[in-house]
Amino acid sequence: MPIREIQTKPYTDQKSGTAGLRKKVAVFQQPHYLENFLQSIFDTETTLRGKTLIIGGDGRYYNRDAIYTAIAMAAANGVAKVVVGQGGLLSTPAASHLIRLRGAGGGFLFTASHNPAGPDGDFGIKFNVAGGGQAPEGLTGRIYEHSKTIQRYRIVEGASLDLDRRGMQKLEDTEIEVVDCVDDYAALMQTLFDFDRLRDWFKKGHSLRFDAMHAVTGPYAQRILVEQLGAPQSTVMNGCPLEDFGGGHPDPNLIYAKHLVDLVNSPASPDLAAASDGDGDRNMILGRGIFISPGDSLAMLAAHLHRLPGYRDGLKGLARSMPTCRAVDQVAKALAVEFHETPTGWKFFANLLDAGRLTLCGEESFGTSSSHAREKDGLWAVLAWLNVLAATGLSVREIAQQHWQRFGRHYFARHDYENLSAATAATVMQALADATAHLPGKSYDDYTVALADDFSYRDPVDGSIAVNQGLRVVFGDSARIVLRQSGTGTEGATLRLYLERYESRETALAWETAEALAPLSNIADQIVRIGELTGRKAPSVVT
Ligand code: G1P
Ligand code: ZN
């Protein structure tokens, strides 16, 4: 089979967003589009030559085609070995783990996360570096620059591979190893959690309902929860990965997993209900009659993590992305551990994790994970919660109530305004940016602005600087309003407005979130003027 050099013409839009390059499937299907981007990676990250490359995806439409192309290009670009998940499947956290386990030079993760799939849906690719984390901004920037001038790519033509057969195959000089997608990940989970105790918890009749949303976590949940922990088969819903995710929107939140909200509010509620997203890195946690917001989940896990076998040595540090509510800050303070506030996107945790300065981190967008991987990890969060329930003997509600009693409660919501024109989104951002200079000292009801700025971040490990990471209006510890533009959408522009209110008064710990945030929402109307400037009466989605 000949290695061929194919002439190509550059595309100008291969700029990675918050989490890799994400576009409509039809964009990826343009002639040489995928090949150009992959070759730009090989040309920029030349250290992949002679190394191992991990490849997998969330199983969505176009996953297999893309993986065949990626393997044929890896072989033509001098990659020594490709390790690929059987059937082309690897959850994002499992891929991150495999990169670390195999000492690989990097990995290609084919996913558009929770975005809908199918011929009219989205596709994406994330390039993760040695160490398992997503390529940092400097590197994705260089890949983008290269993609704008690329003239040729290298590929093994006519390659014949069987992605469904486990074991070794060969393509030119490159070894291709097809692995079970769950084995190594499940082994890792066993080192972190008390599997005996969890088996016992299920045996005693406790129950979990986990919704894999017809996406990649199905096989992981089946193996770990049902086969290894002995949970009944009915524990896993929608466990079969489908190319179009069953036509659904595999984004575990109050809107797209509303059936779980209804379930926990019914007499049939399990002790814990949870869901994960398309590529298995997000998680949603609910208990009987209660939803645990991701910011709270992070804080509550932080407070209990030392109970779990993999974390008995205590926490090295905690971190959250800037828009995530400040609940975990309170825990960091109480435990006197190192704490960091990073920009949105998991890649900003990677250096701190590599430097051994973080044990647990999270984002408001249903992401939580620990130093066991360099990606967020949906099933990890579910197992962590299960283990906390089993170790404490408490219910989800009791854990939450005890936490709020001790640390106070952060009410939080995110209002998304989707499908705006780029110009409208820019106008809203600019209007608030212009206002920030005059906001400090101004009072709105009981709240006084202490700080208003455009968040920027200096990475404490490598000193790199990220600017324009979101506008924030901070009312001391009592409240915050944050506005930023999404970097993962594929259609129009999305603005995200984040509202956070802190209460420590005994009588203020059990309010409805929407009611608790109503006054702040009114203040946001006055300061950010999003309704007025966009003509929208309400957000598209509230999570
Ligand atoms: C969104 C989330 C962010 C997360 C990213 C990838 O990015 O807000 O926290 O890391 O998806 O899952 P955004 O669209 O806001 O740029
Ligand atoms: Zn995801």
Side-chain angles (χ1 to χ4, degrees), residues 15-22 56-60 90-96 109-117 122-126 128 133-134 137 140 212-213 215-217 220 241 245 249-253 256-257 275-284 293-295 298 319-325 341-350 361-369 373-381 412-420 425 429 455 466 468-471 482-498 540-541 543:
K15 188 174 185 342
S16 291
T18 311
L21 183 70
R22 216 174 270 186
D58 61 19
R60 68 177 58 225
L90 278 179
S91 78
T92 288
S96 176
L109 284 62
F110 291 98
T111 170
S113 188
H114 50 283
N115 295 13
D122 288 353
F123 194 71
I125 170 168
K126 287 200 303 197
N128 285 30
Q134 293 169 39
E137 281 200 326
T140 55
M213 302 185 110
V216 80
T217 46
Y220 294 83
F245 301 139
H249 196 147
D251 196 1
N253 61 34
Y256 300 117
S276 189
D277 72 329
D279 61 327
D281 60 357
R282 294 189 174 202
N283 76 90
M284 180 191 195
S293 81
L298 174 65
R320 61 163 170 82
S321 64
M322 185 274 280
T324 304
C325 82
E341 180 181 44
T342 57
T344 295
W346 209 263
K347 57 180 178 265
F348 290 103
F349 296 128
C361 40
E363 293 194 272
E364 55 68 39
S365 50
F366 296 81
T368 330
S369 193
R374 295 294 176 271
E375 292 276 7
K376 55 192 181 232
D377 188 344
L379 211 48
W380 176 90
F412 177 86
R414 184 176 98 183
H415 295 190
D416 291 340
Y417 293 79
E418 296 174 345
N419 245 315
L420 299 167
M429 291 297 293
F455 180 64
N468 300 329
Q469 295 298 318
L471 299 164
V482 172
L483 180 74
R484 59 179 284 282
Q485 189 168 337
S486 158
T488 57
T490 59
E491 245 174 330
T494 294
L495 286 177
R496 306 202 194 284
L497 179 74
Y498 309 78
S540 328
V541 184
T543 53

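Note that ligands are numbered from 1 as they come in the structure, with each ligand's atoms numbered from 1 the same way.
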Could you check [atom] against the protein and tell me its nearest heavy-atom contact, residue, atom and distance included?
atom	result
atom 8 (O) of ligand 1	Arg414 NH1, 3.5 Å
atom 11 (O) of ligand 1	Arg282 NH2, 3.1 Å
atom 10 (O) of ligand 1	Glu363 OE1, 2.7 Å
atom 6 (C) of ligand 1	Lys376 NZ, 3.5 Å

Output the list of atoms in ligand 1 that are nearer than 4.0 Å to some heavy atom of Arg496, sorted by atom number.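 Reading through ligand 1 atom by atom, the close ones are 8 (O), 13 (P), 14 (O), 15 (O).
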Ligand 1 atoms in contact with Arg484 (distance to a heavy atom under 4.0 Å):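 What qualifies from ligand 1 is 8 (O), 13 (P), 15 (O), 16 (O).
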Counting backbone and side chain alike, does Asp58 bring an N/O/S atom below 2.8 Å of the Zn ion (ligand 2)?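 Of the N, O and S atoms in Asp58, none lies under 2.8 Å from the Zn ion (ligand 2), which means no.
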Would Ser113 count as a contact for the Zn ion (ligand 2), in the sense that one of its N, O or S atoms lies under 2.8 Å from it?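 Checking the Zn ion (ligand 2) against Ser113, an N, O or S atom does fall under 2.8 Å.
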Compute the shortest N/O to N/O distance between [X] and ligand 1 and return yes if it is under 3.5 Å, no if not.
X	result
Ser486	yes
Ser113	no
Arg22	no
Thr488	yes
Thr344	no
Gly487	yes
His114	no

Hey, which N, O or S atom on Asp277 ends up closest to the Zn ion (ligand 2)?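 For Asp277, the N/O/S atom sitting closest to the Zn ion (ligand 2) is OD2.
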Stepwise side chain to side chain contact (heavy atoms under 4.5 Å, CB included) check, Met429 with Leu495: CA-CA 9 Å; Met429 291 297 293; Leu495 286 177; 3.8 Å; yes
Measuring from the heavy atoms of Gly345, does anything fall under 4.0 Å of ligand 1?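 Right, Gly345 reaches ligand 1.
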If I take the Zn ion (ligand 2) as the centre, what angle separates the OD1 atom of Asp281 from the OD1 atom of Asp279? Nearest 10 degrees is fine.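 For OD1 of Asp281 and OD1 of Asp279, the angle centred on the Zn ion (ligand 2) reads 90°.
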Under 4.0 Å, heavy-atom basis, I'd like to know which part of Ser365 is in contact with ligand 1: side chain, backbone, both or neither.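 Looking at Ser365 and ligand 1, just side chain atoms fall under 4.0 Å.
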Of the backbone atoms (N, CA, C, O) and the side-chain heavy atoms from C-beta on, which set of Gln134 has a member under 4.0 Å from an atom of ligand 1: side chain, backbone, both, or neither?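 No part of Gln134 is near ligand 1 at this cut-off.
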Consider side chain to side chain donor-acceptor pair (under 3.5 Å). Of Asp251, Asp122, Thr490, Asp277, which one does Asn115 pass it with?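 Among the candidates, only Asp122 passes.
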Check the pair Lys126, Glu375 against side chain to side chain contact (heavy atoms under 4.5 Å, CB included), reporting the backbone distance first and the verdict last. CA-CA 11 Å; Lys126 287 200 303 197; Glu375 292 276 7; 3.4 Å; yes
Kindly determine whether Thr368 and Asn283 satisfy side chain to side chain donor-acceptor pair (under 3.5 Å), including the steps that lead there. CA-CA 7 Å; Thr368 330; Asn283 76 90; 2.9 Å; yes
Indicate the ring-plane relationship of His114 and His249, choosing parallel, tilted or perpendicular according to the 30° and 60° boundaries.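 It falls in the parallel class, under 30°.
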Reference residue Arg320; test salt bridge (Lys or Arg N to Asp or Glu O under 4.0 Å); the match among Glu341, Glu364, Glu363: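 Passing option: Glu341.
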